[in-house]
Amino acid sequence: MIKKIFVTVLVLLLISAAAVFGYFAYSFYSFSSKVKQPASSTSLPEWKGTERVNVLLLGVDKRDYEQSTRSDTILLASIDPVTKKAHLFSILRDSWVDIPGHKKNRINSAYELGGPELMAQAVEDLTGLPIQYYVVTDFKGFEKVVDAVGGVDMYVEKDMDYVLYDNNGQFDIHLKKGMQHLDGSKALQYARFRHDKMGDFTRTERQRKLIKALGSKVISGTNILRIPSVLEAVTPYVTTNMGSSDMLRLANLGYKIDMNNLQTEQIPPANILRTKRVRGADVIDPRRDRTRKYIQELLGLPPSDGTTGQQ
């Protein structure tokens with residue numbers, strides 16, 4: 001249950017907006033030098049020229065007393081550098097998929113088994129999209145970003161109440177229906193809530209709505225001067241394989257994308273997935289081939305050859 005992933009999206013959006021001003025170049029270099037880099041990394045594909053850019057955005061909920069964790073938020077941002085169009089996919093965490101080098105499992109278990117690199121491989125296998133970059137963040141990072149941009153106005157579609165009876169109410173959710181101005185803590189509650197009939201389906205839908213709203217505010221003229229401080233604020237909470245030059249090139253690309261036309265989709269889509277029981281638990285069968293075909297048609301890509309990560 002978690003939505004820190006937004007911070008990841010935001011970081012990319014922040015980076016994009018900043019490209020306009022040379023002043024922000026230093027901020028990017030400073031930020032990327034402080035972001036925690038993984039001890040080792042695999043050779044993920046490098047974006048060059050007109051190749052589609054795919055960025056995996058992961059939100060993890062690792063508590064201080066936990067030795068390991070799964071990724072509870074899985075988003076995939078896909079950008080066409082030629083048309084300047086972007087799609088944001090939210091991947092249902094209970095999707096039952098092949099985990100490279102392991103047995104079939106829920107896709108969110110890939111992070112626990114092999115970190116962001118293995119998660120990237122699992123998402124590649126499901127979607128057919130090669131992933132060049134990943135960004136991982138947590139609760140604190142998301143809250144810091146939302147607060148740094150002054151909060152966000154959102155319509156809360158229902159009363160949301162959930163009590164965890166743990167951590168002195170730190171992770172409880174209490175929101176009222178209606179238009180509200182959400183600070184970092186309230187925005188996180190909105191993004192995490194999944195205690196209704198549709199569970200993770202409506203939660204991921206809310207996450208996409210929130211990200212669009214945050215992205216639009218971040219790149220607005222009234223907030224653009226806050227970008228360096230936002231980047232500085234999230235530095236302790238972000239792990240990524242992006243270097244300084246990656247950030248700057250993505251900034252130049254991202255700034256040209258119209259956030260109002262950002263398309264958001266669920267993976268697997270509702271008309272393709274089916275539920276099934278595995279070892280007594282309900283999981284989602286994403287029907288990989290159909291899901292891949294759906295993505296290919298949506299993005300205007302040629303059919304894949306069935307090989308992991310190939311288009």
Side-chain angles (χ1 to χ4, degrees), residues 1-3 5 8-9 44-45 52 54-60 69-78 86-132 134 136 194 196-209 211 263-311:
M1 55 178 197
I2 169 172
K3 256 5 29 199
I5 180 34
T8 82
V9 170
L44 296 175
R52 178 174 288 274
N54 302 304
V55 184
L56 184 62
L57 310 169
L58 302 174
V60 296
T69 186
R70 297 185 178 190
S71 175
D72 283 332
T73 302
I74 310 167
L75 299 177
L76 179 60
S78 184
H87 289 75
L88 180 66
F89 300 103
S90 55
I91 299 174
L92 297 177
R93 62 181 187 173
D94 287 334
S95 298
W96 192 254
V97 301
D98 289 313
I99 307 295
H102 300 269
K103 297 179 180 179
K104 275 183 173 287
N105 207 331
R106 289 180 173 85
I107 195 168
N108 68 333
S109 69
Y111 187 88
E112 181 179 22
L113 293 170
E117 291 87 359
L118 184 59
M119 176 64 82
Q121 292 177 42
V123 173
E124 283 186 351
D125 186 73
L126 172 62
T127 64
L129 297 175
I131 296 173
Q132 295 88 356
Y134 61 76
V136 186
R194 62 185 178 91
D196 47 26
K197 290 182 179 180
M198 296 302 290
D200 207 38
F201 294 93
T202 49
R203 185 181 72 155
T204 55
E205 181 180 1
R206 281 192 290 269
Q207 292 169 8
R208 297 193 300 269
K209 287 168 56 179
I211 289 174
Q263 291 186 252
T264 66
E265 306 287 343
Q266 170 190 289
I267 296 298
N271 64 335
I272 290 179
L273 69 81
R274 60 188 176 191
T275 59
K276 64 179 182 180
R277 292 186 68 80
V278 176
R279 295 192 290 272
D282 291 328
V283 298
I284 292 170
D285 179 1
R287 306 169 84 176
R288 192 195 76 162
D289 290 345
R290 294 193 182 190
T291 292
R292 280 190 170 198
K293 183 179 179 182
Y294 167 80
I295 294 173
Q296 290 155 7
E297 293 177 348
L298 183 67
L299 301 182
L301 301 174
S304 68
D305 60 6
T307 302
T308 299
Q310 297 298 312
Q311 296 186 34

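Source: prediction; values computed, not measured.
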Calculate, to the nearest 0.5 Å, the distance between atoms [atom1] and [atom2] belonging to [X] and [Y] respectively.
X	Y	atom1	atom2	result
Glu112	Asn105	CD	CG	9.0 Å
Asn271	Arg290	CG	CZ	9.5 Å
Arg93	Ile74	CZ	CD1	9.0 Å
Ile91	Asp94	CD1	CG	13.0 Å
Gln263	Arg208	CD	CZ	12.0 Å

Does the side chain of [Y] come within less than 4.5 Å of [X]'s, by heavy atoms?
X	Y	result
Ile211	Leu75	yes
Pro100	Leu118	yes
Lys104	Val278	no
Phe89	Leu298	yes
Met119	Tyr134	no
Leu301	Arg52	yes
Val97	Pro286	yes
Tyr294	Ile267	yes

Q.
Quick one, Asp282 with Thr275, criterion side-chain contact (heavy atoms from CB on, under 4.5 Å). Give me CA distance, side-chain angles, the key distance, then yes/no.
A. CA-CA 7 Å; Asp282 291 328; Thr275 59; 5.7 Å; no

Q) Pick one: which of Thr127, Leu129, Asp125 meets side chain to side chain contact (heavy atoms under 4.5 Å, CB included) with Arg292? A) Asp125

Q) Considering residues at least two apart in sequence or located in another chain, which fulfil the side chain to side chain donor-acceptor pair (under 3.5 Å) criterion with Glu205? A) none

Q) Looking at residues at least two apart in the chain, or sitting in another chain, which of them share a side chain to side chain donor-acceptor pair (under 3.5 Å) with Thr291? A) none

Q. For Arg274, what residues pass the salt bridge (charged side-chain N to carboxylate O under 4.0 Å, His left out) criterion, not counting sequence neighbours?
A. Asp285

Q.
Under the criterion side-chain contact (heavy atoms from CB on, under 4.5 Å), I'd like the reasoning laid out for Arg288 against Asp98: C-alpha separation, chi angles, the key distance, then a yes or no.
A. CA-CA 10 Å; Arg288 192 195 76 162; Asp98 289 313; 5.7 Å; no

Q: State, to 0.1 Å, how close Pro268 and Ile284 come at their nearest heavy-atom pair, and which atoms those are.
A: CG-CG2, 4.0 Å

Q.
For a quick test of reading the model, state the closest non-hydrogen atom pair linking Arg106 to Ala281 and the distance between them.
A. NH2-CB, 3.6 Å

(Q) If you count every heavy atom of other residues, nucleotides or ligands that lies below 6.0 Å from Lys293 atom NZ, does the total exceed 12? (A) no

Q: Could you check Val136 against Leu56 for side-chain contact (heavy atoms from CB on, under 4.5 Å), going step by step and ending with a plain yes or no?
A: CA-CA 8 Å; Val136 186; Leu56 184 62; over 6 Å; no

**Q.** Verdict with reasoning, Leu76 to Val55, per side-chain contact (heavy atoms from CB on, under 4.5 Å)
**A.** CA-CA 6 Å; Leu76 179 60; Val55 184; 5.9 Å; no

Q: Determine yes or no for a side-chain-to-main-chain donor-acceptor pair under 3.5 angstrom, with Arg287 supplying the side chain and Ile272 the backbone.
A: yes

